[in-house]
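Nothing fancy with the numbering, it's 1 onward along the sequence.
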Amino acid sequence: MLEWVTDSDRGQPDSRRYSIIPSTANNVEQVRNCEGVGEVDFFPYNKYTPYGMEWTGLIDELEWEYQHTIYGRDKLNRRSRDWSFSIGDGSLGMTSPDKTRVTLQNGGDDFRRGDFIHVVVEAFDENGRPRRRGGDFFEAVMERESPQYRSTAGRVIDYLNGTYSVFFYAAWSGKAVIGIEMTFTREAIHFLNTNVRQQDGRIFWNVVYRKGDREANSTCYLSNEGTWSDVCEYSIPAAIGKSVYLCNKPQGMDCQDILTVKTSISQLDEIAERFNAQAKNPAYFGTHGGHVRTIEIHIKESEAERPFLPKCGPDMPVPLSDGFWSSRKTYSSLVCRARQWSVEDLKRCLAGRKIILFGDSTLGQIGRLLENRLGYTNAIHYFHDFKVGPRDTFFWDQNFGINVVDSVLKEPCNSTVFVVNACFHFAAWSTRAHIERLIRLKHALKRLVTQCPKMPVIVKSSNPRENHYAAQSIHSNNWIFYDMNRMMRKVFGGLSFMFVDVWDMSLSHWSEPQVHMHSDVIEQEIHLLTSYLCPE
């Protein structure tokens with residue numbers, strides 16, 4: 001069980017500490033029985049799933065793994081151990097949803113409302129062989145259908161040895177059904193990270209050049225590395241680093257004659273199918289994992305009160321549960337003291353404020369709902385550069401972080417809110433190109449908060465989306481968007497920005513995951529966002 005620790009000097013909870021299995025757990029029994037439990041605050045966000053974090057440096061990842069395995073902890077007692085080769089004769093397959101074991105901590109016979117429910121996942125391959133390595137991507141939800149709908153997402157902790165812990169906050173009493181799904185195997189993620197995400201040219205644009213009355217069609221692509229010749233180059237280092245937009249110049253046209261650009265999902269599918277054919281086992285991306293286990297439990301009633309939460313503010317730590325749906329329409333945050341706003345209070349919070357939304361269409365959903373529900377028309381949406389979509393975009397009018405931020409600098413500091421996201425539409429960029437773009441945006445935002453230190457800057461996460469076919473599972477899958485959330489945390493953390501993380505909120509909602517979230521989720525997202533704007 002995880003317990004809340006009260007600061008006795010102040011007479012009220014001040015910090016949340018959990019009695020929790022340490023990340024040094026090295027075997028299944030230790031994980032299951034909570035041996036070696038220690039007091040820790042919050043896990044750093046990037047340690048929930050440390051596998052696949054090449055973008056923070058392979059050395060950092062291997063150092064973390066070494067320090068949290070039995071070999072690293074026993075390095076002072078090497079003479080007492082046998083360091084000879086272990087010999088095996090067999091084969092190791094990918095993690096099998098059918099063979100993988102899921103068990104409840106201590107048998108799971110005494111859960112009470114307010115507890116954290118601990119589930120242990122032990123990965124096995126199709127031959128029944130223990131995997132002994134982590135890196136599989138699991139998504140977990142606990143819910144109750146009746147008498148009133150309840151649900152929450154599970155926090156997955158990967159010990160990098162084939163064993164995983166999943167924690168759920170027991171927000172209600174009565175029946176609960178736990179479902180754990182393996183969305184991607186370690187091998188699929190490894191293929192994505194090494195053979196796909198590191199590659200330039202995974203996205204191309206159809207472009208139109210115009211000179212006088214004559215038009216010509218061509219194609220363009222983004223390059224972060226490599227060489228080229230006899231093409232038109234379009235660069236903006238202050239916005240996207242050393243990435244260069246390269247276009248095949250039509251005969252008789254000059255580079256400045258470029259007019260419009262457009263790309264579409266069908267073009268992403270075409271390129272993704274090529275990568276799928278290159279995979280040693282294309283089934284990596286065809287099955288989308290599978291349900292490992294569905295477990296039914298009963299949660300007893302208790303007098304436990306909800307934990308004391310801090311007010312919503314910058315750089316909030318990430319708890320073991322982001323929150324839960326207390327009904328089909330209401331999400332209760334466990335990150336901070338978010339509230340359910342009345343229409344009148346929402347209008348008061350937003351009165352006199354102008355909200356600049358810089359990002360994809362999921363931010364546009366916020367602006368449209370504010371206008372439709374509140375009549376609020378002061379949310380201005382700027383679509384980010386090089387978007388994926390069916391309509392032509394005038395090449396010279398694309399929005400980059402630097403020019404949008406510079407336009408915001410002309411607004412009054414005390415009445416403007418800047419909301420940004422950087423996920424969807426960029427899944428097909430190489431990891432390096434995307435990180436360079438985030439870094440440039442970060443420095444533009446640092447200029448903004450230097451001039452306007454009290455201007456709220458809000459970073460909105462991505463959300464899980466649907467994947468209906470193999471190509472989509474390569475170019476627009478949930479592992480990539482989950483990883484992009486970690487990138488934003490890493491790049492924008494520590495700058496007093498506010499993070500509105502809607503991943504677990506969306507994952508645990510009763511509706512099917514989709515890019516454009518259900519209106520219930522958007523409404524709760526607005527309640528959370530305004531709780532950051534008006535925490536008092």
Q) Looking at Arg186 and Asp136, does any basic side-chain N land under 4.0 Å from a carboxylate oxygen? A) no
Notebook entry, point to check: Ion pair present between Glu303 and Arg113, side-chain N to carboxylate O less than 4.0 angstrom?
Noted result: no
Between His518 and the options Trp325, Tyr331, Trp510, the ring-ring contact (aromatic ring centres under 6.0 Å, His included) test singles out Trp510
Open item on the list: Just checking Trp479 against Phe184, ring centres under 6.0 Å apart?
Closed with: no
Electrostatic pair Arg131:Glu122 at N-O distance under 4.0 angstrom
no
For residues 478-536, the disulfide bond (SG atoms under 2.5 Å apart) pairs (sequence neighbours left out) are Cys349-Cys534
Ser430 side chain to Gln198 side chain, donor-acceptor N/O pair below 3.5 angstrom: no
When rounded to the nearest 0.5 Å, the distance separating CG of Leu529 from CD1 of Ile355 is 6.5 Å
- Do we get Arg155 above Phe167's six-membered ring, with its NZ or CZ under 6.0 Å from the centre and within 45° of the axis? no
**Asked** Does the distance from a Lys or Arg side-chain N to an Asp or Glu carboxylate O, for Asp110 and Arg112, drop under 4.0 Å?
**Response** yes
So salt bridge (Lys or Arg N to Asp or Glu O under 4.0 Å) across residues 359-368, not counting sequence neighbours, yields none
For Arg339 and His527, the nearest pair of non-hydrogen atoms, with its separation, is O-CB, 3.6 Å
Q. Between Phe137 and Tyr482, is the ring centre distance below 6.0 Å?
A. yes
Requested in this report: Please report the C-alpha distance between Thr294 and Ile178 in whole Å, then the side-chain angles of each, then the deciding distance to 0.1 Å, and finally whether the side chain to side chain contact (heavy atoms under 4.5 Å, CB included) criterion is met.
Outcome: CA-CA 5 Å; Thr294 299; Ile178 294 172; over 6 Å; no
- Flag the pair Phe424 / Phe481 as yes when their ring centroid distance falls below 6.0 Å, and as no otherwise. yes
- prompt: Within 45° of the axis and under 6.0 Å from the centre of the six-membered ring of Phe124, does NZ or CZ of Arg101 qualify?
  reply: yes
The side chain to side chain donor-acceptor pair (under 3.5 Å) partner of Ser173 among Arg144, Glu301, His298 is Glu301
